[in-house]
Amino acid sequence: MKLFIRSKTILSFCGLVVLTAPTVTAQFTFSGQLRTRTEYRNGQGTLLREGDSPAFFTSQRTRISAGYSGYRIKAFATVQDVRVWGQDASTINRTTNADLNGLMLHEAWGEVSLLDTNQTKLGKEFALKVGRQELVYDDVRLLGNLDWLQQGRRHDMALLKWGNNGWMLHGGVAYNQNREMKAGTVYNGVPTTYSAGTNGIGTDYKSLQFVYLGRKFFAGNFSLLAIKDDFSQYTTTPASGTVAATTTYSDATWSRVTAGAYVNAQFKKLGVKAEAYYQGGKYRDGRDLSATFYSLVLSYATSRRTTLLGGIDHSSGNDPSNTTGTSHRFDPLYGTPHKHWGYMDYFYVADGFGTGGLSDLYLKLRYKPLDRFTLSFDAHQFTSTNPIMGLDKVEMNKPSFGQEYDLIGQYAVTKQIGLEGGYCMFNATDALAAAKSVATPKKTATWAYLMVNLRF
């Protein structure tokens with residue numbers, strides 16, 4: 001009898017283990033972020049005109065994320081809300097939506113491992129990730145999540161990932177449509193609520209494919225990246241005149257290809273980072289395209305807490321006389337411009353600066369007086385890589401756009417609580433005012449901000 005009871009107990013325990021095994025191995029996570037940023041804008045992004053008043057406001061991003069990890073499957077979703085304090089009426093349930101912010105699904109993806117766990121435990125990876133997701137590669141020059149912007153950046157796509165022994169190979173495919181349709185695949189690519197893209201402002205891609213090959217080595221990493229994005233072809237009627245034009249899109253596309261290499265290495269106190277890309281094919285308006293970009297950065301750690309950096313970014317552009325031939329205007333695609341071309345976001349963000357291209361020569365200082373406190377000071381010299389046509393219609397030969405100075409402080413109170421503030425100044429020239437089409441500009445622009453970042 002005792003043997004029967006003992007056997008029954010053991011079998012019940014084994015059954016319970018089998019039934020609950022997936023639950024035991026699965027993990028649920030919940031996390032969130034509340035980030036407020038108070039800004040004083042006295043010429044941030046573009047120059048103010050004489051007589052314009054500075055802007056002052058507080059924006060807030062709130063994110064709630066949920067994740068699941070089980071046997072050969074992962075899933076993750078983030079809901080975010082972005083708005084400006086006071087944007088909504090405080091006494092009634094109505095959203096003014098003045099800046100087209102609000103509640104949206106930032107990420108929602110699932111990932112399936114195509115390898116068994118006895119392979120993934122050895123560091124191998126072969127997985128398919130499908131859904132809305134961020135893309136972050138290398139120094140986010142061409143593919144980044146644009147995290148500085150409260151809204152961020154994401155893509156709806158399928159991503160195949162492979163990795164083994166320091167090698168990484170990723171391939172992504174995206175195909176956009178405005179809605180479910182009964183026939184045809186026409187996509188107008190023009191969001192009705194806000195601008196999209198960088199140089200392709202106002203137009204989203206119809207489809208995108210990319211391949212990324214990365215390799216870690218003893219001093220850093222090296223990668224190759226090729227991106228092809230396709231834009232819906234269209235015709236405009238009438239082509240010119242005073243009557244409002246009508247744009248008609250078709251199923252056909254104009255394709256743009258960007259390819260290049262990136263290397264980042266650290267040799268004791270000396271760091272080297274370089275990247276170069278070529279862009280060809282067709283621009284989003286069907287114009288032939290042949291453009292280049294290169295960047296070189298050297299860094300040196302003068303002490304345990306201080307690092308000096310110096311570098312140059314150079315992107316090709318168009319001569320003012322080149323309005324119909326092959327375009328040489330480089331587009332940094334879907335990266336994070338805020339990290340590279342000055343914190344005041346004068347270049348490659350929402351406010352354009354013409355098609356002349358950009359050269360950025362800079363020096364940066366990183367100082368860490370405390371383990372949790374970092375100070376940085378950046379100085380940029382921005383120059384057009386082509387002549388600029390002034391507002392007086394007189395051509396200026398590769399003029400200076402001006403200088404930007406950024407002083408930023410970051411303090412981590414805890415791992416969950418971060419404080420950041422900055423004061424930046426831009427000394428602008430007539431060439432920059434002309435490139436941004438600002439008449440009677442204020443030549444000195446300033447911007448200050450204070451950001452509280454809570455993660456939970």
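What you see is a predicted model; the values in this text were computed from it and never measured.
- In this structure, a donor-acceptor pair under 3.5 Å is present between the side chains of Q60 and T62.
- Checked by atom type and distance alone, the side chain of T336 never pairs as donor or acceptor with a backbone atom of K339 at under 3.5 Å.
- Panel note: side chain D288, backbone T326; no donor-acceptor pair is recorded below 3.5 Å.
- Residues S299 and Q266 approach most closely at OG-OE1, 4.4 Å, considering heavy atoms.
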Could you walk me through whether L169 and V211 pass the side-chain contact (heavy atoms from CB on, under 4.5 Å) check?
CA-CA 7 Å; L169 179 63; V211 177; 4.0 Å; yes
Would Q33 and N453 satisfy side chain to side chain donor-acceptor pair (under 3.5 Å), going step by step from the backbone distance to the final call?
CA-CA 7 Å; Q33 180 192 39; N453 192 4; 3.0 Å; yes
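- Checking R35 against Q150 by side-chain atom types alone, a donor-acceptor pair falls below 3.5 Å.
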Using side-chain contact (heavy atoms from CB on, under 4.5 Å), reason through V297 and L309 one step at a time and then give a plain yes or no.
CA-CA 7 Å; V297 187; L309 302 93; 4.2 Å; yes
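- Note that CG of D138 and CZ of F222 are 10.0 Å apart. Values are rounded to the nearest 0.5 Å.
- A donor-acceptor contact closer than 3.5 angstrom links the side chains of R284 and T203.
- Looking at Q233 and Y249, their side chains never come closer than 4.5 Å, going by heavy atoms from C-beta outward.
- In this structure a side-chain-to-backbone donor-acceptor pair under 3.5 Å is missing from N264 to N221.
- F231 and W254 have their aromatic ring centers separated by at least 6.0 angstrom.
- Between the CG atom of D156 and the CZ atom of R132 there is a distance of 4.0 Å, given to the nearest 0.5 Å.
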Take Y294 and S315 through the side chain to side chain donor-acceptor pair (under 3.5 Å) test and state the conclusion after the steps.
CA-CA 7 Å; Y294 67 80; S315 57; over 6 Å; no
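- Nearest approach of K124 to N164, heavy atoms of both residues: CG-OD1, 3.4 Å.
- Counted by atom type alone, N318 and S327 present one or more donor-acceptor pairs between their side chains at under 3.5 Å.
- Exactly one residue among D251, N176, D230 makes a side chain to side chain contact (heavy atoms under 4.5 Å, CB included) with Y187. That residue is N176.
- Proximity of a side-chain donor or acceptor of Q133 to a complementary backbone N or O of M157 within less than 3.5 Å is detected.
- In terms of the ring pair (Phe, Tyr, Trp, His ring centres under 6.0 Å) criterion, Y405 has no residue partners (sequence neighbours excluded).
- Taking each heavy atom of D147 and R63 in turn, the nearest pair found is OD1-NH1, 3.9 Å.
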Worked check of salt bridge (charged side-chain N to carboxylate O under 4.0 Å, His left out) between R305 and D371:
CA-CA 9 Å; R305 295 189 179 276; D371 290 341; 3.2 Å; yes
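- No donor-acceptor pair under 3.5 Å is formed between the side chain of K228 and the backbone N or O of S255.
- The aromatic rings of F426 and Y346 lie parallel to each other, with less than 30° between the two planes, well short of the 60° mark.
- Without hydrogens or angle criteria, R153 side chain to G335 main chain gives a donor-acceptor distance under 3.5 Å.
- Taking CG from D345 and OG1 from T46, the interatomic distance works out to 11.5 Å, rounded to the nearest 0.5 Å.
- A ring-ring contact (aromatic ring centres under 6.0 Å, His included) with F347 is found for one member of F353, W341, F330 and no other, namely F353.
- Aromatic pair F293/H314: centroids not less than 6.0 angstrom apart.
- Contact detail for A261 and L224: the closest heavy-atom pair is CB-CD2, 3.7 Å.
- Listed for the Q80 side chain is a donor-acceptor partner under 3.5 Å among the backbone atoms of Q151.
- Contact between G356 and S384 at its shortest, heavy atoms only, is O-OG, 3.8 Å.
- We find that R256 and D331 are joined by a salt bridge, their nearest charged nitrogen and carboxylate oxygen being less than 4.0 Å apart.
- Taking 4.5 Å as the limit, every side-chain heavy atom of L363 sits out of range of all side-chain heavy atoms of D378.
- Between E111 and A127, the shortest heavy-atom contact is OE2-CB, 3.8 Å.
- With values rounded to the nearest 0.5 angstrom, C424 atom SG is found 8.0 Å from L407 atom CG.
- Y71 and D116 share a donor-acceptor pair across their side chains, judged by distance under 3.5 Å alone.
- In the model, T258 has a side-chain atom that pairs as donor or acceptor with a side-chain atom of Q279 under 3.5 Å.
- Both the sub-6.0 Å distance and the 45° axial angle are not jointly satisfied by R154 relative to the ring of W109.
- Side chains of E420 and Q410: a donor on one and an acceptor on the other come within 3.5 Å.
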Could you please spell out the steps behind the side-chain contact (heavy atoms from CB on, under 4.5 Å) verdict for F210 and V173?
CA-CA 7 Å; F210 81 91; V173 178; over 6 Å; no
Going by atom type alone, with no hydrogens or angles, which donor-acceptor pairs under 3.5 Å involve a side-chain atom of residues 267-276 and a protein atom two or more places apart or on another chain?
unit_1, atom_1, unit_2, atom_2, d
E275, OE1, Y277, OH, 3.2
E275, OE2, R141, NE, 3.2
E275, OE2, R141, NH2, 3.4

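- Centroid-to-centroid, the aromatic rings of Y449 and Y343 stay 6.0 Å apart or farther.
- In the model, H106 has a side-chain atom that pairs as donor or acceptor with a side-chain atom of E134 under 3.5 Å.
- Under 4.0 Å is where a charged nitrogen must lie from a carboxylate oxygen, and between D81 and R83 at least one such pair does.
- Between I408 atom CD1 and T374 atom OG1 the span is 12.0 Å, to the nearest 0.5 Å.
- Under the 6.0 Å cut-off for aromatic ring centres, Y212 and Y137 qualify, their centroids lying closer than that.
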Evaluation steps, side-chain contact (heavy atoms from CB on, under 4.5 Å), between H380 and D406:
CA-CA 9 Å; H380 297 264; D406 303 328; 4.0 Å; yes
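- When only modelled atom types and interatomic distance are considered, S359 and T383 share no side-chain donor-acceptor pair under 3.5 Å.
- Side chain to side chain, H338 and Y348 fail the donor-acceptor criterion of an N or O pair below 3.5 Å.
- The environment of CZ in R287 is crowded: more than 12 heavy-atom neighbours from other residues, nucleotides or ligands sit within 6.0 Å.
- To the nearest 0.5 Å, the span separating NZ on K129 from OG on S113 amounts to 14.0 Å.
- In this structure, a donor-acceptor pair under 3.5 Å is present between the side chains of W447 and E39.
- A donor-acceptor pair shorter than 3.5 Å can be found between the side chains of S290 and Y278.
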Show, in sequence, the C-alpha distance, side-chain angles and deciding distance for Y68 and K74, and conclude whether the side chain to side chain donor-acceptor pair (under 3.5 Å) test is met.
CA-CA 6 Å; Y68 171 82; K74 296 178 183 176; over 6 Å; no
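- Donor-acceptor pairing under 3.5 Å is lacking for the side chains of N188 and Y234.
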